[in-house]
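Step one of this worksheet: look at the structure below.
Throughout, a chain's letter reflects where its sequence line sits, starting with A, and its residues are numbered from 1. These numbers come from a predicted model, not from an experiment.
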Amino acid sequence: NAGVTQTPKFRVLKTGQSMTLLCAQDMNHEYMYWYRQDPGMGLRLIHYSVGEGTTAKGEVPDGYNVSRLKKQNFLLGLESAAPSQTSVYFCASSYSNFAQGDLYGYTFGSGTRLTVV
Amino acid sequence: GENVEQHPSTLSVQEGDSAVIKCTYSDSASNYFPWYKQELGKRPQLIIDIRSNVGEKKDQRIAVTLNKTAKHFSLHITETQPEDSAVYFCAANTGGFKTIFGAGTRLFVKA
């Protein structure tokens with residue numbers, strides 16, 4: 001049982017390049033999230049998904065796109081990287097069932113440290 | 001918009017002392033309040049949570065209290081140990097799909 005796995009762990013991009021971050025979970029969770037973590041700013045939600053084939057915008061979605069073609073995978077794409085996107089990116093998944101009011105904490109991946117130069 | 005404020009940003013205690021971290025939230029519809037611990041270079045990990053129908057919850061040396069009227073909740077760590085040194089994040093689920101995180105508290109436990 002691997003939990004939540006993120007790849008890659010580190011990446012350096014040049015401004016304007018594109019890349020995709022992959023998140024995979026083996027816990028059969030419906031809900032998946034992408035956060036970015038910057039010093040002094042906690043964790044900010046980029047996009048999230050409440051099930052296969054669905055995605056929605058979070059607090060800071062600009063410059064990012066996501067896809068959830070399979071329940072276990074949630075992809076984060078950077079179309080044209082900018083230095084402001086230098087950050088640590090965390091994927092998370094949750095067992096929560098919001099419709100029934102069952103709320104549980106997140107399981108996070110190990111993070112991707114992205115530097116845009 | 002929804003907001004979670006966390007204080008202090010840095011906390012230094014002597015080993016064996018207690019540590020208290022406080023958070024306030026703005027959305028009265030918030031109903032779930034998890035706490036995460038993040039060690040240096042690692043992922044955040046859930047350490048305790050509390051739901052809006054409970055005022056206090058304890059797990060060994062860690063306890064969380066919730067005051068819904070005042071819209072604040074706190075993390076209490078007793079008998080602190082060096083391995084408690086980490087960044088702690090509070091969070092509030094706003095009744096929908098989103099969880100809003102506080103900015104974090106860096107806890108140093110001095111041996």
So for atom [atom1], which belongs to [X], do other residues, nucleotides or ligands contribute more than 12 heavy atoms lying within a distance under 6.0 Å?
| X | atom1 | answer |
| --- | --- | --- |
| R44(A) | CZ | yes |
| E79(B) | CD | no |
| K22(B) | NZ | no |

Segment of L43(A) engaging chain B (4.5 angstrom heavy-atom cut-off):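 It is both, since atoms from each part get that close.
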Residue V88(A) versus chain B: region with a heavy atom under 4.5 Å: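 Neither part, no heavy atoms under 4.5 Å.
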R51(B) NZ/CZ over Y104(A) ring centroid, <6.0 Å and within 45° of normal: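 Yes; both conditions hold, so R51(B) lies above the ring face of Y104(A).
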Under 3.5 Å donor-acceptor pairs involving side-chain atoms of residues 81-90 of chain B, not counting sequence neighbours:
unit_1: D84(B); atom_1: OD1; unit_2: R61(B); atom_2: NH2; d: 3.0
unit_1: D84(B); atom_1: OD2; unit_2: R61(B); atom_2: NH1; d: 2.9
unit_1: D84(B); atom_1: OD2; unit_2: R61(B); atom_2: NH2; d: 3.3
unit_1: D84(B); atom_1: OD2; unit_2: Q81(B); atom_2: N; d: 2.8
unit_1: S85(B); atom_1: OG; unit_2: P82(B); atom_2: O; d: 3.0
unit_1: S85(B); atom_1: OG; unit_2: V109(B); atom_2: N; d: 2.9
unit_1: Y88(B); atom_1: OH; unit_2: D84(B); atom_2: O; d: 2.6

Evaluation steps, side chain to side chain contact (heavy atoms under 4.5 Å, CB included), between T99(B) and Y35(A): CA-CA 11 Å; T99(B) 293; Y35(A) 283 87; 4.0 Å; yes
Among G58(A), P39(A), G111(A), S110(A), residue most engaged with chain B (heavy-atom pairs, under 4.5 Å):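 Among the listed options, the one with the most contacts to chain B is S110(A).
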Would you tabulate the side-chain donor-acceptor contacts of residues 38-45 of chain B under 3.5 Å, counting partners in other chains and residues two or more places apart, or write 'none'?
unit_1: Q38(B); atom_1: OE1; unit_2: Q37(A); atom_2: NE2; d: 2.8
unit_1: Q38(B); atom_1: NE2; unit_2: Q37(A); atom_2: OE1; d: 3.1
unit_1: Q38(B); atom_1: NE2; unit_2: K42(B); atom_2: O; d: 2.9
unit_1: R43(B); atom_1: NH1; unit_2: F108(A); atom_2: O; d: 3.0

